Amino acid sequence: MVARDSVVRKVAVISVAFNVLLMLGKLFVGYFSDSDAVFADGIHSAADVFASVIVLLVLKIASKPADDEHPYGHGKAEILVSASIGIILLLVSIYLVYEAIAGFFHPVKVPGLIALWTALLSYAIKHWLYRYSLAVSKEHRSNAIKAIALDHKADILASVAAALGVVLSIVGDKLDLQFLLYSDKVATIIVAYLIFKIAKEMLMESFDILLERNVNSDTLQEFEKVVLSFEEVRRIDSIRARELGAYVLVDIRISIDYFKNIQEGHDLTRDIRNQLKSKHDNISEVLIHLNPYYKNDQE
């Protein structure tokens, strides 16, 4: 647990550091090179800084062990982080659309070439951060780091759109194609749309977990196979599982022969629990209820 928290916190710190540098660079270059798309990308990076700081703060809460008031631990704090970042990205997308539309009613300025290089550099850095963060989130099952990875993905798309907008604007100026001069504005709207899609995905997933949606059917089937591998289990009456941050809670109702005594039932549930945890190390708790089984298949 300590090692996991250390790695997750390291990813968040790295994200903060790079996002601060990218934010300052894109805001400065976007403003002085007259590129709305790059400047908008800088606004997005500013939101990234805020989101990464939130992750660092909330990770301290999520890593706390279970206590009397929170017997299931504090893992859902990571889900709140993901939802918060989703809300931030949603607000950023709305702001960018507003700024882009407003830009159509003002004189158009052709972005400088430095804006293109800045967007391409941002793409390269964000691509590495995305792959790195996503790998860590999968290895350590961290929803908070997954949220950061998706945020980096939004930046990748934003940087590509910004670079394309700058290129088309410069080409439009060279070839005297007036309509291409607005490519930078159009690129900003595309950036906003891509950010909106990722924000929507993050919010929907966070809400599903907070509402305790069942884990996917493939995972449930894996749990069922483990339970049914015990010959004492006559039937699985119900099985469900919910995510709690990086961990999963499993609730099972099974039927065993009615003449089994309490000790036999206790030993069976212990063995099932241990087997499930050994095969799925993200399971933190398994609650098993026993029902009596009769030959006529009545409870």
Side-chain angles (χ1 to χ4, degrees), residues 1 4-5 8 58 61-83 86 137-147 200-299:
M1 184 65 180
R4 174 186 180 273
D5 293 340
V8 170
V58 177
I61 300 175
S63 61
K64 288 183 179 179
D67 52 39
D68 292 338
E69 294 183 349
H70 306 89
Y72 296 107
H74 301 75
K76 277 192 176 179
E78 289 196 20
I79 310 304
L80 294 177
V81 169
S82 183
S137 72
K138 289 181 178 180
E139 180 180 355
H140 297 279
R141 299 185 181 91
S142 172
N143 285 288
I145 297 303
K146 181 181 178 181
K200 179 183 176 183
E201 177 185 339
M202 293 172 68
L203 286 171
M204 292 300 294
E205 182 177 2
S206 298
F207 289 153
D208 280 343
I209 294 176
L210 289 174
L211 293 174
E212 299 191 343
R213 176 196 61 187
N214 215 353
V215 298
N216 64 70
S217 58
D218 290 339
T219 302
L220 278 181
Q221 288 178 7
E222 291 177 10
F223 295 166
E224 289 179 358
K225 288 180 181 179
V226 173
V227 176
L228 293 174
S229 66
F230 291 84
E231 60 181 14
E232 297 93 335
V233 177
R234 296 294 188 176
R235 182 180 63 229
I236 295 179
D237 298 313
S238 70
I239 183 169
R240 59 188 180 183
R242 51 199 168 100
E243 292 185 39
L244 191 70
Y247 304 106
V248 173
L249 301 180
V250 184
D251 296 316
I252 305 172
R253 288 177 177 268
I254 58 175
S255 291
I256 63 174
D257 290 325
Y258 70 92
F259 52 79
K260 297 286 187 180
N261 59 41
I262 293 177
Q263 183 64 55
E264 290 174 315
H266 168 76
D267 292 343
L268 175 62
T269 57
R270 178 201 59 207
D271 293 342
I272 293 175
R273 183 179 299 108
N274 291 339
Q275 185 74 351
L276 280 169
K277 286 187 174 183
S278 67
K279 290 183 175 295
H280 303 274
D281 59 4
N282 62 326
I283 295 179
S284 64
E285 186 59 80
V286 181
L287 303 177
I288 303 176
H289 175 83
L290 299 178
N291 292 321
Y293 177 83
Y294 299 89
K295 288 185 178 180
N296 59 5
D297 200 30
Q298 295 180 351
E299 292 187 4

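Nothing here was measured: the structure is a model prediction, and the numbers come from that model.
With rounding to the nearest 0.5 angstrom, the CD1 atom of Ile254 is 4.0 Å from the CD1 atom of Ile272. Taken from CG in Leu290 to NZ in Lys260, the straight-line distance is 11.5 Å, to the nearest 0.5 Å. For the atom pair CZ of Arg240 and CG of Asp251, the computed distance is 5.0 Å after rounding to the nearest 0.5 Å. Separating the CG atom in Leu276 from the CD atom in Glu224 is a distance of 11.0 Å, to the nearest 0.5 Å. Summarising the geometry, atom NZ belonging to Lys225 is positioned 12.0 Å from atom CD1 belonging to Ile236; distances are rounded to the nearest 0.5 Å. With rounding to the nearest 0.5 angstrom, the CG atom of Asn291 is 7.5 Å from the CZ atom of Arg235.
Shown here for Gly265 and Ile256, the closest heavy-atom pair between the two residues is CA-CD1, 4.3 Å. The minimum heavy-atom distance between Tyr293 and Arg234, with the atom names listed, is CD2-CG, 3.4 Å. Between Pro292 and Ser255, the closest heavy-atom pair is O-OG, 4.3 Å.
No side-chain heavy atom of Leu287 sits less than 4.5 Å from a side-chain heavy atom of Val250. Residues Val227 and Ile288 form no side-chain contact, since every pair of their non-hydrogen atoms from C-beta on lies 4.5 Å or further apart.
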Going through the checks in order, is the side chain to side chain contact (heavy atoms under 4.5 Å, CB included) test met by Ile252 and Phe223?
CA-CA 10 Å; Ile252 305 172; Phe223 295 166; 5.9 Å; no
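For the residue pair Gln275 and Asp271, no side-chain donor N or O sits within less than 3.5 Å of a side-chain acceptor on the partner.
Ring-plane geometry between Tyr294 and Tyr258 is classed as parallel, the angle between the planes falling under 30 degrees on a 0 to 90 degree scale with a further cut at 60.
Under a 3.5 Å cut-off, the side chain of Arg273 and the backbone N or O of Val286 do form a donor-acceptor pair. Here the side chain of Asn261 pairs a donor or acceptor atom with the backbone of Gln263 at under 3.5 angstrom.
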